[in-house]
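Have a look at the structure below before the remarks.
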Amino acid sequence: MTKKEIKALISLLDDSDFEVAQHVEKKIISLGEGAIPLLEEEWEETLNTDLQKKIEDLIHDMQFNGLLHRLQEWKEEGASDLLKGMWLVNAYMYPDVDFASISKTMDQLYFDVWTNMRDDMHPYDQVKSLNNVLFREKKFTANTKNFHSPANSMLHLALETKRGNPLTLCVIYMVIAQRLGFPVYGVNLPNLFILTYKMDGVQFYINVYNKGLILSKADIDNYILQLNLNPVDIFYEPTSNLEIVKRALRNLAFSFEKMKDLEKATEVTKLLTAITDDDPAIQ
């Protein structure tokens, strides 16, 4: 369809005939996200508040459907790029934040850490050096005041403000560590996401939310004991990129529930369901 034809369609969104308006909505949605700039143009040009609201709802629906499709594609392609997966979570609230800007920030952080590394470093020293750059020089820290805020799950905001929840901070830390060649992976502890350094019989844990504090298996044992839970492998062993993104979506849905925004919580749960084969209940 030409630009003129699409704009003519958009003008019919406010048609008094409900069936006509409904047909037009379906036709516009079928055009995909490529039609969004024209919808935004029409929103700016009209003074009709009802039409503006319909356009806003259409844009949201189109962006949501596109995001759901991209998340499924990411999973089907093997979920190998964690940064991309977290950017897709980010896109639910901030669809205009591009992947390139997040990648550029991560590239600079990686370079700053890399310049402080030596080939002969012991694993503990590697972690301490990474800690020094991220937490002392760059001043990344835990966001304890707004722990349940949806914004706390947004990767680009964690990079901008240098504050985040355990998961966003761990993702930043882990992506940099893995680019450096370190065997650092996520661990799905209850109520807290941490990292593990695991290679050739060497394994310890990293609490990124506490400035990269190094923990032993005994520390994890005690944590599990305090929660009155049975120690199972998932609490000690590396988890997949897919599970990390699923946990990010659970966190986001839970944040909206805490805010009593059930509509957004339901939408995020739909995103979670799209990449989940089991029960998507919030954990």
Side-chain angles (χ1 to χ4, degrees), residues 81-94 97 99 101-114 116 124 126-180 182-198 204-215 219-220 223 235 238-255 258 283:
D81 189 339
L82 176 58
L83 201 61
K84 183 178 179 182
M86 290 297 291
W87 166 68
L88 290 171
V89 175
N90 206 98
Y92 176 72
M93 289 180 67
Y94 295 91
V97 173
F99 184 59
S101 64
I102 288 177
S103 292
K104 184 178 179 181
T105 303
M106 290 297 295
D107 288 344
Q108 185 59 55
L109 283 173
Y110 160 77
F111 178 78
D112 292 339
V113 174
W114 174 77
N116 286 270
Y124 281 9
Q126 291 173 342
V127 169
K128 288 176 181 177
S129 182
L130 181 47
N131 289 347
N132 185 62
V133 174
L134 287 184
F135 304 121
R136 291 190 180 180
E137 293 181 15
K138 301 300 179 182
K139 302 190 184 306
F140 278 87
T141 190
N143 190 341
T144 54
K145 291 184 179 178
N146 301 300
F147 188 83
H148 291 298
S149 167
N152 219 6
S153 291
M154 298 293 101
L155 185 63
H156 86 286
L157 291 179
L159 289 167
E160 285 177 11
T161 65
K162 300 182 178 179
R163 282 170 170 74
N165 63 19
L167 189 63
T168 51
L169 292 178
C170 275
V171 166
I172 293 167
Y173 195 106
M174 186 172 79
V175 169
I176 293 171
Q178 290 185 354
R179 285 189 186 180
L180 291 164
F182 302 164
V184 173
Y185 313 97
V187 176
N188 254 328
L189 271 181
N191 305 329
L192 178 65
F193 195 83
I194 62 170
L195 302 178
T196 184
Y197 188 113
K198 183 177 183 180
F204 56 89
Y205 300 87
I206 308 164
N207 185 352
V208 178
Y209 203 59
N210 191 5
K211 299 186 182 298
L213 179 68
I214 293 175
L215 303 172
D219 293 321
I220 307 303
Y223 178 78
F235 300 155
T239 193
S240 67
N241 290 342
L242 178 60
E243 290 302 320
I244 292 172
V245 168
K246 283 161 63 175
R247 182 157 180 160
L249 288 169
R250 288 189 191 100
N251 288 347
L252 186 56
F254 182 70
S255 294
K258 292 280 286 186
Q283 295 177 358

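Throughout, numbering of the chain's residues begins at 1 and tracks the sequence. These numbers were taken from a predicted model, which means no experiment stands behind them.
Residues forming a side chain to side chain contact (heavy atoms under 4.5 Å, CB included) with K104 (at least two apart in sequence, or on another chain): none. In this structure Y94 satisfies the side chain to side chain contact (heavy atoms under 4.5 Å, CB included) test together with N90, V97, M154, H156, L157, sequence neighbours excluded. Considering only residues two or more places apart in sequence or on other chains, T196 meets the side chain to side chain contact (heavy atoms under 4.5 Å, CB included) condition with Y185, V187, K198, Q203, Y205, P238. Partners of D107 under the salt bridge (Lys or Arg N to Asp or Glu O under 4.0 Å) rule, at least two apart in sequence or in another chain, are R179.
No donor-acceptor pair under 3.5 Å is formed between the side chain of E137 and the backbone N or O of N132. Judged purely by atom type and a 3.5 angstrom limit, N131 uses its side chain to pair as donor or acceptor with the backbone of G212. Here the side chain of N116 pairs no donor or acceptor atom with the backbone of S129 at under 3.5 angstrom. Judged purely by atom type and a 3.5 angstrom limit, N146 has no side-chain atom pairing as donor or acceptor with the backbone of S149. Between the Y110 side chain and the T105 main chain, no donor and acceptor come within less than 3.5 Å of each other.
For the residue pair Q178 and V184, the shortest heavy atom distance occurs at NE2-O, 2.7 Å. Summarising the geometry of G164 relative to A158, their closest heavy-atom pair is CA-CB, 4.4 Å, with the distance given to 0.1 Å. Between M174 and G186 the shortest heavy-atom distance is SD-N, 3.2 Å. The shortest heavy-atom contact between Y209 and A142 is CE1-CB, 3.2 Å. When every heavy atom of P190 is checked against every heavy atom of R247, the shortest pair comes out as C-NH2, 4.3 Å.
To the nearest 0.5 angstrom, N207 atom CG is 9.0 Å from L189 atom CG. Note that OG1 of T141 and CG of L134 are 11.5 Å apart. Values are rounded to the nearest 0.5 Å. To the nearest 0.5 Å, atom SG of residue C170 and atom CG of residue L82 are 10.5 Å apart. Here M86 contributes atom CE and I244 contributes atom CD1; the two are 8.5 Å apart, rounded to the nearest 0.5 Å. Put simply, OG on S255 and CZ on R250 are 14.0 Å apart, with the number rounded to the nearest 0.5 Å. From L155, atom CG reaches atom CD1 of I102 across 5.0 Å, with rounding to the nearest 0.5 Å.
Side-chain contact between I176 and W114: absent, with no pair of heavy atoms (C-beta onward) separated by less than 4.5 Å. At least one side-chain heavy atom of L252 sits less than 4.5 Å from a side-chain heavy atom of Y92. The side-chain heavy atoms of I220 and L215, taken from C-beta on, include a pair separated by under 4.5 Å. Looking only at side-chain heavy atoms (C-beta outward), L109 and V113 stay at 4.5 Å or farther from each other. Contact annotation: the side chain of I194 never approaches that of V208 to less than 4.5 Å [non-hydrogen atoms, C-beta and beyond]. Counting only heavy atoms from C-beta outward, the side chains of M106 and L159 approach each other to under 4.5 Å. Looking at Q126 and L180, their side chains never come closer than 4.5 Å, going by heavy atoms from C-beta outward. The closest side-chain heavy-atom distance from F135 to L130 is not below 4.5 Å.
Applying the salt bridge (Lys or Arg N to Asp or Glu O under 4.0 Å) rule to pairs touching residues 149-175 yields nothing, sequence neighbours excluded. The list of salt bridge (Lys or Arg N to Asp or Glu O under 4.0 Å) pairs with a residue in residues 138-151, not counting sequence neighbours, reads D112-K138.
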Inset, instruction - Test V89 against L249 for side chain to side chain contact (heavy atoms under 4.5 Å, CB included), laying out the working first. - result: CA-CA 7 Å; V89 175; L249 288 169; 4.0 Å; yes

Legend entry - Step-by-step side chain to side chain contact (heavy atoms under 4.5 Å, CB included) determination, N188 to F235: CA-CA 6 Å; N188 254 328; F235 300 155; over 6 Å; no

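A donor-acceptor pair shorter than 3.5 Å can be found between the side chains of N165 and T168.
Looking at F182, Y173, F204 one by one, the single match for side chain to side chain contact (heavy atoms under 4.5 Å, CB included) with L195 turns out to be Y173.
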